[in-house]
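Heads up: the structure comes next, in structure tokens.
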Amino acid sequence: MAQATDITTGTTASWDGEGRVKVVGILCNWCSYAGADGAGTARLRQPFDFRIVRVPCTGRIDPLHILKAFEKGADGVLVSGCHPGDCHYAEGNYYARRKLELLERMLPQLGFEAERFKYTWVSASEAQRWQQVVTEFIKGVEKLGPREGRAL
Amino acid sequence: MKFLPQDQLEAFLSHLAESAIVVAPQRDQDGVLFFQPWEAGAEVEFEQLLTRQSPKDYVFRQTETYLKFGYEMKGKAAAEEEEVGKKSKEGELAAAEEAPPEGEEPAHEVLQVEAVEDAPEQVIFGLRPCDARGYYQMDQVFGGYGGFYYDPYYMAKREATTLVALTCAQPWSTCFCTAVYGSPSGTDGVDLLLTGIEGGFTAEAVTERGEMLLGFGGFTEVGDGQADAAQTVKDEAFTAIDPPFEIEGVPQGLRDNFEDPAWHDLHMRCISCGTCTYVCPNCYCFNITDEMVEKSGERVRTWDNCFNPGYTLETSGHNPREQKFARFRNRFSHKFSYYPEKYDSLLCSGCGRCIRYCPTKIDLREVIRTLGQPHPDQAAPAEDGEAAGVHAQTGEDL
Amino acid sequence: MSPANGNYEAVEQRIRELARAALEEGRVDYFIGWTTGYNESEVIPGFVRSADKVDDLVWNPLAAYNLTTFLKRKMPDPPQAKIGVAVKGCDSRTLVSLLQENLVDRERLYVVGVPCEGIVNRRAVSKVFANEVVKIEVAGDQINVTNQDGETKQLAREDYLLDHCRSCNYPNPRYFDDLAGEAVPEPEDQTPMWREIEEFEALPEKEKDRLMAEAFEKCIRCYACINACPVCYCWDNCVCRSRQPKLVGQKVNAQENLMFQMVHMFHVAGRCPSCGNCDRACPVEIPLYLLHRKMNKELKEMLDFEPGIDLEQKPVFQTFDVNDPFGQH
Amino acid sequence: MRIGVFVCHCGTNIAATVDSEGIAARAGELKGVVHTEDIIYTCSEPGQHAIQRAIREKDLDRVVVAACSPHMHEVTFRRTVEGAGLNPYLFEMANIREHCSWIHADKPEGSEKAYDLIKMAVAKVRDLEPLYANEVEVNKDVLVIGGGVAGIQAALDLAEAGLKVTVVEKETTIGGTMAQLDKTFPTIDCSACILTPRMVDCSQHENIEIMAYSEIDRVQGYVGNFTVDIRKKASMVDWDKCIGCELCQQKCPAKAPDAFNEGIATTKAIYIPFPQAVPKRAAIQVDYCRWFQEGKCRVCERVCPADAIDYKQQDEYVQKEFGAIVVATGQDVFPWEEYYHEYGSGRIPDVISGLQYERMLNASGPTHGHVLRPSTMGQKDVEPEEPQTVVFIQCIGSRDESVGRPYCSNVCCMYTAKQAILTKDHVGMETEVYVFYIDIRAFGKGYEEFVKRAQTEFGVKYVRGRVSKLYEERGKVKVRGMDTLLGKQVEIDADLVVLASGITAADGASELAQRLNISYDQYGFFKESHPKLRPLETNTAGIFLAGACQAPKDIPTTVAQASGTAAKVLGLLAKDKLKTSPMIARVDQNRCVSCWKCIEVCPFGAPEKEELRDGSYKSHIIETVCQGCGICVATCPVNCIDLKGFGTQSVLDQIEEVLLT
């Protein structure tokens, strides 16, 4: 843990470190963000290589935001929202589902391994499920390692 | 004039590559011809005249980083200077703000600027006289012609560039260099002109730079008839092009016909993309942006073009060339009328790429033929609504 | 696709007649068909404003351009013009997409449908000679190509059709006011075929990544693809140009270029029937068609949906079904 | 830009795995950050004071607090910064507790991640702008859609509180399903005796206007300001003149099906559904009227003492304005005939639905409370028979995936028990009564005891199992089923079979939901905003739910919910002005390309076409309608719609910041 001593002064984020991957999560405020909160409250250990962006609804996510994250160097992107039918705004995740499904299907065409992107539904009460989802996803990305020499 | 035997060509390229980057036309995997940096053994394409794009990108880069900058905390400036200093190769560090004295609150920042100078010696090899002429014309824009603007970024690259042109032996049907004061063997901008004849190339130095290239040992003196053979190639090529229009009077004609309803017919199939301008060896418009993340960033120059809606968009939201026909009119008027008013040239060297690679094959020659002739009756301010200021179909004011 | 039956002259004549009638009767201000460009084998969009010019219009297997592009907002001149337009089967599907969203005014439109038997891949044909191709003639099953030296090569028409013509299920227009000639037989099984993309799909991810990077390295961001696209209509306000927000950076490099293309792709998803106009417009030959066909293949599998088929259908990304057969996890 | 970053220790909750002090110091290097501080408990009073002091002393214009989840304390800190004179929306939280310190054990790692989360929050706060809540005037009138017991209860509660209420009912009388019932479980008190006084209260209340025989045509506007078009259906009777004397109904020669009696009897073409109807007014069913069908008759016109018949009457449209809407449209009986072919699809006369049986049990019903076998009714020379063996079958159109109704209808177990008891009561204790059930759900107050009474006191035989087939044989209905407790086939020769038909969404519910822009589930029941925390609200502000339109409910629950809803409406309308969340969508009209995709996708109807001075139309978000979900933002191809507080650029900037720096 070379970064340990550097922590207050160093400029190298250990997120960049050897064996690390960068995974961005985009979570809806009402279900999955709260579910991740719940996982925290329950002290459920989760992987380190994960940073969450909060949005009101998965319906607010444009697939292009995810592609942009990849372009900026993300090794994986995880999107999570309310279960279909439970959207706080009634319909947002139904719209999101179609767009995200198309993105998931297009990514291999652009040279992405399937494990680098996932969209899923985790409710506010599914803390354990959240831990499981995020752990498994990041494990998958870690297996592939950082993206290099990429088109996007 | 000297002679370069065919079998010495590779050696000549290798010789040039010793001291400079050599850029030459090569095919990519799809068979599309581009100017690309040459490496020993790569096949150079001399048969086909037109690369997909002109080689202007090697001097006037589509994306060019002017400078890198960053905001640094005062007090730590010394340590960080070293940091940035490591990153820059040839750049100079300069504190844009004078560093304030030590011991003030740490939130104070200073701007660090690092100029990026990236002008390696290069030889553009095998370009056509029309492409070389493109540089000649851009040189006026960026080189301080008539006391106008001088662009150090362009000029640094231009001065490090040697142009070895090749006479265009078999012009294509879209070629019209001879109509715009050019020639398949023209030497505007060229340092060394090669002309393909049997067994090799004749080589004529146009500039001192070109003269120096002739020092390569593979050149022989021109043999009997070789000079004549080269002249024949040039003459035949010149006569192969039937000038599609008479250039005299075109600048005035376009001015006279500014409000001609024909613009509204000619622009119809234009889709307002920028293909013509980006394949053109002459078009030089650009945009400047700061691309910044957190506290550091780059100032970037990128190509822009007059078909881009943002090109004339004003801060207020008003766009004087909001309509497509106005953008269309501007491109031709600029090349053949506004530019020659200011510089000693046209902004077209007749390569014909804009015709060939236009998605709808808009024909510059047709536009100039239709609207490039002075109209004596329109030289005076137009008062006749039908003829000038009113749209033929709608009756709306233009 | 059945071999050409050589009916081009009759159809061409019919297009001229319909255009003439529409112009003479004042039903349209101008008619958009195909005409010849700087040489006879360059077939380009042709705009006819008066009946005496209708003979400029042509119809032959080189008429690739999708003319519905010129119906997009800001294209018509004058803006409120009544327009006649000729559409092939694939072109009509982009028109249907536009109509589904009320992005063109049906009242001001006169559509001449043109049954099509396949369009020649001009780009591929032009590459059979290193120097300039000056003439392309289609005679029955054969294409004769002549270069500037007068040399001629004979090609089999079947091998040089555009990719989507080889497996075309909708050779007859889906929407028209008048049909120029008789409908050509349509395949009974209209299951789409994706031959041309399967090869690419089979490549390993790393290889696809490399090929994409290579292809988009070439992109010069001239925006010909999006401006030629009939269903891409943001025009002056395209987010790639306004950069509000900065989805696409100003720099021209493979990543930003591919990002730009993704913006286009996702914005036309569900409305693009992959007519190929973007691909043909690209001056540096980026295989855009590959991406758009892939997208349509996935849409077909996802939602059993083909764009531009049914006028009454809602664009798939502006609606949803609670029972969509995916994303249940 | 002068950003202050405050990093919380949360005692050791954060500080145990995150070096709060160290990362606070590091955060000072971020662009725009001029002040950083680490605080032991930021949410405590001294912690909040420290933030306010720093805002004043360091002239901060944006604040980041790195502490717990925004779900915990976002509101707290917004108030804190507002207290120091800063716009509350120039604030952002970094969740370094739930999303960091509590899920990581390693302190260097935890600190590194916490610092990244702060970077993201700083990147976002840089993009924020001050936002101001909007205020709208509120119309204090309430629309209640549906005049069943839910609508009546809500209307009375609201009217008592002083609000003007309009009740719109699609039938000619209010009362709804409850008016059709004979007795109510578990008390077996008379349904009409409870309901009809409330109906009368409703009609006599000065604050209530009943619009019977009317439907909702169009709803526009938003919370506090709805404009509703109501269609008054043509009854062919001038209700201002009609005195409800029933003379027309007596004299009318044309028979018509009697919907109120569930089709087990007939009524007349001109009719009043039942004697206690409110309003008591006649209407003509034109499909059965001789004048309308054959062009002759006009008997009613001749006999009417009030001269109220008006054959030329047309539908009339009324536009009214309301501040809130209560939807209480109730339910329908599951149309079992269309689904249960093994039960004869309705062709066996002695197989009837529970509600039909209810009408038969009712003293004012077609049989005057006598239980009779329908196969013996209405025939010449045949004396109607009383059944000796009655079989009830439960879960018809409930808990049955095969008919698309996996849900429990909530009331059938109880009303079956009630009807079984009433059968014994009306016909005699010697009557054989069987109930086929899957499970008995007797969850309410006194319910379980009630079922027990049916079994023990009244000797109703409960058979656990499903009936596989019903068919006629020798004047009986053969009931073939399985007793799953005994594991035996059971066959019963029944005289009457009553199917406990479940509850299904009211006919036209989904169309109404679309008009109201509220959501509904796959069965057509309206969706509450949150099943636990907002069970009375819909996702459309200002529209509330009461009764079985939301889900199957019994009367006590319905009435309780209706009163709850009334309280919610009162809470809303107690204010003269409404504050709306400013974190909503906004259109940059300069860039709008008028493709109207935003209008297509908005679940709330917030975007509208706005005419500009140049005659063009651009999208515009109605601020009070927008809920801030951002679906339109993600849909707009030019990205000219942005979400205030969750801007697209800020999403991209957070991603870029954390990945690139």
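Looking at D/Asp521, neither its backbone nor its side chain comes within 4.5 Å of chain A, counting heavy atoms on both sides. For D/Thr648, the parts lying near chain A are the backbone and the side chain together; criterion is any non-hydrogen pair under 4.5 Å. With a threshold of 4.5 angstrom between heavy atoms, A/Ile61 approaches chain D through N, CA, C or O but not through any side-chain atom. Interface remark: A/Cys28 contributes no atoms to any contact with chain D (heavy atom separation under 4.5 Å).
Side-chain contact between D/Lys113 and A/Asp49 is absent, with no heavy atoms from C-beta onward closer than 4.5 Å.
Counting heavy-atom pairs under 4.5 Å between each of A/Lys72, A/Arg43, A/Lys68 and chain D puts A/Arg43 at the top. Per-residue heavy-atom pair counts under 4.5 Å with chain D were compared for A/Val55, A/Asn29, A/Ile26, and the maximum is reached by A/Asn29. Counting heavy-atom pairs closer than 4.5 Å to chain A, the top-ranked of the candidates D/Val651, D/Leu117, D/Leu643 is D/Leu643. With chain D as partner, the option from A/Pro63, A/Pro47, A/Ala42 having the largest number of non-hydrogen pairs under 4.5 angstrom is A/Pro47.
Atom-to-atom distance recorded for A/Arg51:CZ and D/Cys100:SG is 7.5 Å, nearest 0.5 angstrom. Atom OG1 of A/Thr41 sits about 10.5 Å away from atom CD1 of D/Ile103, to the nearest 0.5 Å.
Checked against the 6.0 Å centroid threshold, D/His99 and A/Phe50 do not count as a close aromatic pair.
Of residues 89-101 of chain A, those residues with a non-hydrogen atom less than 4.5 Å from any non-hydrogen atom of chain D are, in numerical order, A/Tyr89, A/Ala90, A/Glu91, A/Gly92, A/Tyr95, A/Lys99.
Contact check on D/Glu109 versus A/Arg20 returns a salt bridge, with a Lys/Arg side-chain nitrogen under 4.0 Å from an Asp/Glu carboxylate oxygen.
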